[in-house]
Trainee: 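Dumping the structure here so I can ask a few things about it.
The residues of the chain are indexed from 1 along the displayed sequence.
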Amino acid sequence: MATDTVTEVFEEHRSVLMGVAYRMLGRVADAEDVVQEAWLRWSGGDRSGVREPRAYLVRVTTRLALDRLRQARARNEAYVGPWLPEPYVTDFGDAVPDTAERAVLADSVSLAVLVVLESLSPLERAVFVLREAFGYPYAEIAVTLDRSEPAVRQLAGRARRHVEERRPRYEVDPVERRDLTERFLAAATEGDLEGLMSLLAPDVRLIGDSGGLAPAPVRVIESADKVGRFLGGVMRKGVSDATFRFLEVNGGPAFLVLSGDKPDSVFQLDIADGRIQCVYIIRNPQKLLSLAAD
């Protein structure tokens with residue numbers, strides 16, 4: 001296989017490999033490292049027996065991500081405060097034209113689902129990602145994980161039940177979600193606490209992730225009163241030289257807060273019944289590095 005063909009084949013599947021690795025790990029930098037290692041194995045290895053490059057590359061990427069996920073578990077156990085995935089800019093573009101398929105991919109990369117996936121075992125997570133997000137048949141997943149097909153089906157059932165029991169059931173029109181996000185930002189920037197409170201569900205939750213590297217709540221805040229008071233304090237303090245930019249992360253609208261040209265935080269909202277059910281705030285500077293150049 002010529003060098004240019006080797007590169008072209010890999011680049012054709014890069015977005016799928018990145019999608020698998022990110023859903024497995026929840027960190028952009030780790031996912032990029034895994035994809036780079038997959039490239040090195042693809043470009044420098046013996047490809048004579050590879051009949052289906054995509055299946056081979058997904059297999060290599062999944063196994064590399066599994067190894068890294070097991071290493072990351074110890075790191076996450078020492079994490080300060082709530083853990084959220086690193087924001088992942090998503091733009092499926094024309095690559096995923098089907099509305100139903102886009103919805104599945106967006107849901108599988110959402111912050112809420114990725115938080116639940118953190119509670120799965122590494123093997124359960126791998127099976128769930130390959131089966132639910134990418135639709136791989138059980139037989140192919142079994143080969144990828146070097147497990148029997150019945151064992152994979154058992155892992156899939158256990159993972160699916162776990163996710164379904166714990167995932168929030170928010171189904172909302174993307175236009176409505178964008179509208180409420182814009183209204184939330186407008187109320188916050190204008191110091192309109194009453195307007196902000198009117199957007200919050202009574203049992204709203206606020207989850208802040210800083211890893212102890214920036215000011216953020218070290219516990220989940222619950223109820224409209226407590227979340228409203230916290231956001232009111234944030235509005236009064238403000239961010240020095242703040243600007244705001246809308247973007248799509250993890251399959252939904254969000255806004256990036258910049259202090260000067262430096263990313264300060266990412267806000268994303270879960271919406272149901274016209275109210276905000278959950279506010280996610282990511283302030284860990286290590287998780288905002290990939291947004292610095294966007």
Side-chain angles (χ1 to χ4, degrees), residues 13-42 54-88 90 104-105 107-168 207 209 211 250-251 282 284 286-287 290:
H13 303 298
R14 178 183 286 275
S15 62
V16 172
L17 305 182
M18 186 66 188
V20 170
Y22 175 76
R23 287 168 176 81
M24 286 280 295
L25 298 166
R27 295 173 66 97
V28 175
D30 285 353
E32 289 174 341
D33 287 347
V34 163
V35 172
Q36 179 63 20
E37 179 63 25
W39 158 249
L40 293 175
R41 296 194 181 194
W42 167 252
R54 177 182 171 121
Y56 172 84
L57 289 168
V58 168
R59 189 179 311 136
V60 170
T61 299
T62 301
R63 290 177 177 177
L64 289 169
L66 266 173
D67 290 342
R68 188 165 290 232
L69 182 60
R70 291 177 177 123
Q71 297 166 11
R73 285 299 168 102
R75 178 181 60 195
N76 287 350
E77 285 175 3
Y79 201 77
V80 177
W83 180 93
L84 289 172
E86 182 177 344
Y88 181 44
T90 48
V104 169
L105 285 172
D107 181 63
S108 71
V109 81
S110 70
L111 295 181
V113 168
L114 289 176
V115 167
V116 176
L117 293 189
E118 275 295 296
S119 59
L120 298 179
S121 73
L123 277 175
E124 287 172 342
R125 186 164 184 168
V127 171
F128 185 88
V129 167
L130 294 175
R131 179 66 183 174
E132 301 300 322
F134 294 95
Y136 280 94
Y138 290 115
E140 192 167 332
I141 298 173
V143 172
T144 296
L145 300 179
D146 195 22
R147 294 291 190 280
S148 69
E149 187 173 336
V152 165
R153 288 180 179 274
Q154 189 174 48
L155 285 165
R158 194 159 60 230
R160 192 181 304 112
R161 287 192 299 272
H162 184 93
V163 172
E164 289 302 320
E165 287 170 1
R166 291 163 177 79
R167 78 193 304 172
I207 305 173
D209 176 341
N250 297 82
I282 301 172
N284 185 333
Q286 295 176 352
K287 295 186 177 182
S290 63

Trainee: Nearest 0.5 angstrom please: Leu130 CG to Arg125 CZ, how far?
Mentor: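 CZ of Arg125 is found 12.0 Å from CG of Leu130.
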Trainee: So, for Ala126 and Met24, which heavy atoms are closest and what is the spacing to 0.1 Å?
Mentor: CA-SD, 3.3 Å
Trainee: His162 and side-chain hydrogen bond (donor to acceptor under 3.5 Å, both in side chains): which partner among Arg158, Glu164, Arg160, Arg166?
Mentor: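 So the option named by the test is Arg166.
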Trainee: Looking at side-chain heavy atoms only, is the closest gap between Val109 and Tyr88 below 4.5 Å?
Mentor: yes
Trainee: Hey, are the side chains of Val127 and Leu120 touching, using non-hydrogen atoms and a 4.5 Å cut-off?
Mentor: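 In short, these two side chains do not touch, never coming nearer than 4.5 Å.
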Trainee: Return the CD to CZ distance between Gln154 and Arg147, rounded to the nearest 0.5 Å.
Mentor: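 Atom-to-atom, Gln154:CD and Arg147:CZ are 12.0 Å apart.
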Trainee: One thing to verify: whether Glu149 and Arg153 come together as a salt bridge, which I'm taking to mean a side-chain N less than 4.0 angstrom from a carboxylate O.
Mentor: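 Yes, Arg153 and Glu149 are salt-bridged.
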Trainee: I would like to know whether Phe128 and Val163 meet side-chain contact (heavy atoms from CB on, under 4.5 Å); could you show each step before the answer?
Mentor: CA-CA 9 Å; Phe128 185 88; Val163 172; 3.8 Å; yes
Trainee: According to side chain to side chain contact (heavy atoms under 4.5 Å, CB included), who are the partners of Ala21, at least two apart in sequence or on a separate chain?
Mentor: Ala31, Val34, Val35, Thr61
Trainee: Is any side-chain heavy atom of Leu117 closer than 4.5 Å to one of Val129?
Mentor: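 Contact flag for Val129/Leu117 side chains = yes.
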Trainee: Between atom CG of Leu145 and atom CZ of Arg59, what is the distance when rounded to the nearest 0.5 Å?
Mentor: 10.5 Å
Trainee: Give the C-alpha distance, both sets of side-chain angles, the deciding distance and a yes or no for side-chain contact (heavy atoms from CB on, under 4.5 Å) between Ile141 and Thr62.
Mentor: CA-CA 10 Å; Ile141 298 173; Thr62 301; over 6 Å; no
Trainee: Go through the steps to decide whether Tyr79 and Asn284 satisfy the test side-chain contact (heavy atoms from CB on, under 4.5 Å), and finish with yes or no.
Mentor: CA-CA 11 Å; Tyr79 201 77; Asn284 185 333; 2.8 Å; yes
Trainee: Would a 4.5 Å heavy-atom cut-off, applied to side chains only, mark Tyr136 and Thr144 as touching?
Mentor: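 Tyr136 vs Thr144: side chains apart.
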Trainee: Supply the atom-to-atom distance Arg14 CZ to Glu32 CD, rounded to the nearest 0.5 angstrom.
Mentor: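 Rounded to the nearest 0.5 Å, the CZ-CD separation comes to 9.0 Å.
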Trainee: Identify the two heavy atoms, one from Val115 and one from Pro85, that lie closest to each other, and give their separation to 0.1 Å.
Mentor: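 It is CG2-CD, 4.0 Å.
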Trainee: Can you tell me how far apart CZ (Arg27) and CG (Asp33) are? Round to the nearest 0.5 Å.
Mentor: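 The distance works out to 10.0 Å.
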Trainee: Tell me whether Asp209 contacts the main-chain N or O of Leu84 through its side chain, where contact means a donor paired with an acceptor under 3.5 Å.
Mentor: yes
Trainee: Between Arg23 and Leu114, what is the shortest heavy-atom contact and its length?
Mentor: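 That closest heavy-atom pairing would be O-CD2, 3.8 Å.
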Trainee: Just do the side-chain contact (heavy atoms from CB on, under 4.5 Å) check on Glu132 and Ser108 with the steps written out, would you?
Mentor: CA-CA 8 Å; Glu132 301 300 322; Ser108 71; over 6 Å; no
Trainee: Check step by step if salt bridge (Lys or Arg N to Asp or Glu O under 4.0 Å) holds for Arg41 and Glu37.
Mentor: CA-CA 6 Å; Arg41 296 194 181 194; Glu37 179 63 25; 3.2 Å; yes
Trainee: What are the two closest non-hydrogen atoms of Leu64 and Ala38, and how far apart are they?
Mentor: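 Looking at all heavy atoms of both residues, the shortest contact is CD1-N, 3.7 Å.
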Trainee: Which heavy atom in Glu86 sits nearest to a heavy atom in Lys287, and how many Å separate them?
Mentor: CG-O, 3.2 Å
Trainee: What are the two closest non-hydrogen atoms of Pro87 and Ile282, and how far apart are they?
Mentor: CG-CD1, 3.6 Å
Trainee: Drop me the distance from Ile207's CD1 to Leu111's CG, to the nearest 0.5 angstrom.
Mentor: 9.0 Å
Trainee: Tell me whether Glu140 contacts the main-chain N or O of Pro137 through its side chain, where contact means a donor paired with an acceptor under 3.5 Å.
Mentor: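 No; judged by distance alone, with no hydrogens or angles, the pair does not exist.
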